[in-house]
Amino acid sequence: MLTARRLASSALLTLVLALAYAAYVAAATTAGAMPPPPPLEDTPNPSPPPATTVVTHTGSPVWTYVVVALAAAALALASAWMVARFRHAHDRGGAARVQTA
């Protein structure tokens, strides 16, 4: 029963961390995709850019992929460390315990 409780708590903690990370990434990508706010009523409108201006968007910069990859690796290592720690804590009890039904 103790092993099941430890596994359930570590799985729940990992799931909560993964969901929190997913919410953070979703909020960050949504905030970056929002259009700029409309100008205030009392400010003059900016002059339009010259006709020769070309704006090209090729997607996200490389550093965003690096940040996401590092966060995923850290999450994987943290969950593996938690599982290993729980297994080690369970094995410290000495000889294997025999459960009777």
Subject >> Linked hydrophobic residues, Val66 as query - side chain contacts closer than 4.5 Å >> reply: Val62, Leu70

Original post:
What residues form a side chain to side chain contact (heavy atoms under 4.5 Å, CB included) with Tyr21, not counting sequence neighbours?
Top reply: Val25, Val68, Ala71

Validation: residues 76-84 side-chain donor-acceptor distances under 3.5 Å, sequence neighbours left out:
unit_1 : atom_1 : unit_2 : atom_2 : d
Ser79  : OG     : Leu75  : O      : 3.2
Ser79  : OG     : Ala76  : O      : 2.9

Original post:
Can you tell me how far the CG atom of Leu19 sits from the OG1 atom of Thr14, to the nearest 0.5 Å?
Top reply: 11.0 Å

Subject >> Co-members of Val67 in a cluster of I, L, V, M, F, W and Y side chains, linked at under 4.5 Å >> reply: Trp63

